[in-house]
There are 4 protein chains.
Amino acid sequence: MARGRRVNSCGEKSKKLLMENAIELFSTYGYHQTKISDIVKSASLTQPTFYLYFQSKEILFNDLNKRFHNELTEIFSAYDINGKFGIDLIQESLTLMFNYFIENPNLTKIGFYEAEQSTAVKEMLVSELIHILNTQLKDSNVLKQVDTTILAESLIGSVERLTLTNLLTKKTSPEQLAKEICMIYFATELSLVQS
Amino acid sequence: MARGRRVNSCGEKSKKLLMENAIELFSTYGYHQTKISDIVKSASLTQPTFYLYFQSKEILFNDLNKRFHNELTEIFSAYDINGKFGIDLIQESLTLMFNYFIENPNLTKIGFYEAEQSTAVKEMLVSELIHILNTQLKDSNVLKQVDTTILAESLIGSVERLTLTNLLTKKTSPEQLAKEICMIYFATELSLVQS
Amino acid sequence: MARGRRVNSCGEKSKKLLMENAIELFSTYGYHQTKISDIVKSASLTQPTFYLYFQSKEILFNDLNKRFHNELTEIFSAYDINGKFGIDLIQESLTLMFNYFIENPNLTKIGFYEAEQSTAVKEMLVSELIHILNTQLKDSNVLKQVDTTILAESLIGSVERLTLTNLLTKKTSPEQLAKEICMIYFATELSLVQS
Amino acid sequence: MARGRRVNSCGEKSKKLLMENAIELFSTYGYHQTKISDIVKSASLTQPTFYLYFQSKEILFNDLNKRFHNELTEIFSAYDINGKFGIDLIQESLTLMFNYFIENPNLTKIGFYEAEQSTAVKEMLVSELIHILNTQLKDSNVLKQVDTTILAESLIGSVERLTLTNLLTKKTSPEQLAKEICMIYFATELSLVQS
DNA sequence: CATGAATGAGTTTTCATTCAT
DNA sequence: AATGAATGAAAACTCATTCAT
């Protein structure tokens, strides 16, 4: 049967196609339930083509996770976000992060929930948050009563769950969700400000 | 090794041994990375023996998850917990749950984090919590400002993360963790009470 | 759990029970689809008990076949059957054989259809039949036109199929079936006799 | 051996090779005694290659049987065979069938003797034969004395046995065997014609 | 005499990966 | 750049058989 390069084929296009389909499948079925044969089938390519662009299934998966981790780090660690401070800075950071999640829903499912590396991602978020809390909210009421680390871990836990149940399902918008979370966590500060 | 029955062997003991090793391995390496050969090896038994007690790896895993789900349901859904009400009831429920987690750390890792069924478990917890909020705290300040469902999802997210980072690592005790979570979520109510 | 000899248990009884259940299962599901675990389950006994009475599954199966072969040989090779001659002798032999089949339907299914050894059984029948034809019917019309061996093989083929479809299903009685077969095979002789 | 594609390899060739070796082995040793490892070994291929072309051993076996059944149905059910009638039609049909058997001896052994489905094949043949008898020979002498169904079953039994002992062993030619069978079954009609 | 408990030795099946074209 | 064909390595699972009690 006919073999060799297809008309209209183009390296970069094939690579992108494979990657997108891989993300989709990994996020839907998980790493182990996604076979290379599934990926290439949904990209209408063949298995050797996969190995033309990716060294192995595992390396592709890890690369995807690194990408997620990096892009997230970049967003969250921009310390002077639109010139905001205090709770506003947190709310703005969350909004930016949620927007990134909404724009990359499948990559988020992988990097935030599916991968072993998700642990590292969340640890990074927690330490970024701790940093903000320490620098921006050290005199707040909340932190007088609750351990900073616990507060940070708790908030990231909330983010984790609400992203899955309310954000990616489009029940709540990025802005709204960021606001609600701040309301939950900093109600005491906000009420003082508002009054 | 010779065939047939071993000296001092006993069915129930072997079954329990296999189950415990399976829980340990599943919780450490995950379902897919745990091979039946690993389980029986760590129990010093053979593969056929595994099938003597469990129909398949998948069924064992599901049974483990059902057990976790059931035991958790029982704890959390005892509506009149030690005659407590309002926030106290929530704090008491969390304490009981955290105690169960501490007593079954590996099963918790499986049923709360590893399994597909963990989704159902958390949904159950969320709806139990919503019920409590609706019946016990409907006039609270928090719920005036935040959507009940979002609050419940958020709190379960916090539980999820803090269990992993602070409870199972023994950084925080069940009682303390329950208290901190209530502090975070119901600071406004508590301060009113306290003042 | 309780082990050891049951009340009311008795060696010979258990052996017979096992054998009968084995015959039933072998005849229904075939040698390979019948597992020792099936046999002992349907006899309400255990696997080691099986090995108390039979050396192995294969040996039991072979013994069953030998028994069938021997009992059949005895019947068919009784040369002076009730003082009959010619076609009557054949008809009488068939009747006796069919009666044996009816009395041992499951053993027949095994020894005549299921076993590799069934080849030998049928060869034996063919050679017995050839002997009868040669000694009793050598001047018959049929044998003038048809090769004796082919006639014998054909008749045993008929016996084989009709036993399965008409005898063991009780559609036709042993006597009637023997008669019909003789009618088919020796019509020309019989009509001469009758006219 | 090195992995990947072999020199000069070709899918269809491998598939055919596997199928032929499977037929050979199934017919010689039976379904259960034939392991996939045997099939691929005799085709000088590996187990995964088997699954490249066949879903499972059982499905391959069933497909082989369907093929036999279909090809046989086609031959036997061609009602106007070379413009023949009556006994000639039967003789011609048998000849065609025997020729098919001779050309496909191993498939015949499987589909006619080894498979569970052989029951269905023979039932089909019986009902075809009954149809012919009813339409072409309803006034014959034989059918006055013998039940049509019994005659048909008997004849198919003869075919079954003689195919194995005389046809596939090449002791008798297709034409000769068909003739002999007709002689046995329709001697009375033929003698009338001949006289 | 009988059993509960266990295993050796296979069997089918899957899947990431690689060669020749 | 891409593919058809193939495979190594390992997975889950089965079953006749055997030991200790």
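Convention: sequence-line order gives letters A, B, ...; per-chain numbering from 1.
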Indicate, with a heavy-atom threshold strictly under 4.0 Å, whether [X] touches base, sugar-phosphate, or nothing.
X: A:Leu52; result: base
X: A:Gln47; result: base
X: A:Phe54; result: nothing

D:Gln55 or A:Tyr31, whichever maps to the more 5' nucleotide of DNA chain E: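 Its nearest nucleotide being more 5', the pick is D:Gln55.
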5' precedence on DNA chain E between D:Tyr51 and C:Pro48 (nearest-nucleotide basis):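 With D:Tyr51 and C:Pro48 compared, the 5'-side residue is C:Pro48.
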Residue matched to E:dT13 through Watson-Crick or wobble contacts both under 3.5 angstrom: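 Check on E:dT13: paired to F:dA10, both distances under 3.5 Å.
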Residue mapping more 5' on DNA chain F - nearest nucleotide basis, D:Leu45 or C:Ser56: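 Result of the comparison: D:Leu45.
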Whether B:Phe61 and B:Phe26 hold their rings parallel, tilted or perpendicular, with breakpoints at 30° and 60°: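 Correct class here is perpendicular.
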Side-chain donor/acceptor contact of D:Arg3 with base of F:dG8 under 3.5 Å: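 No, no donor-acceptor pair under 3.5 Å.
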Donor-acceptor contact present, side-chain B:Tyr113 to main-chain B:Ser27, <3.5 Å: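 Answer holds: no.
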Sidechain-backbone polar pair: B:Lys109 side chain, B:Ile23 backbone, donor-acceptor under 3.5 Å: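 Side chain of B:Lys109 to backbone of B:Ile23: no pair is present.
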Nucleotide of E:dT3, F:dG4, F:dA1 approaching C:Thr46 most closely (side-chain heavy atoms):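 Per side-chain heavy atoms of C:Thr46, the pick is E:dT3.
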Atom pair CG/CD of D:Asp63 and D:Glu58 - distance to nearest 0.5 Å: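 Here the interatomic distance stands at 10.5 Å.
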Protein-nucleotide distance (C:Glu12, atom CD; E:dC1, atom P), rounded to Å: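 About 9 Å, once rounded to whole Å.
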Residue-phosphate contact under 4.0 Å: B:Thr49 side-chain N/O, E:dA6 OP1/OP2: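 Answer no for this pair, as no side-chain N or O of B:Thr49 is under 4.0 Å from OP1 or OP2.
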Presence of A:Ser37 side-chain N/O under 4.0 Å of E:dC15 phosphate oxygens OP1/OP2: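 Looking at the OP1 and OP2 atoms of E:dC15, neither is under 4.0 Å from any side-chain N or O of A:Ser37.
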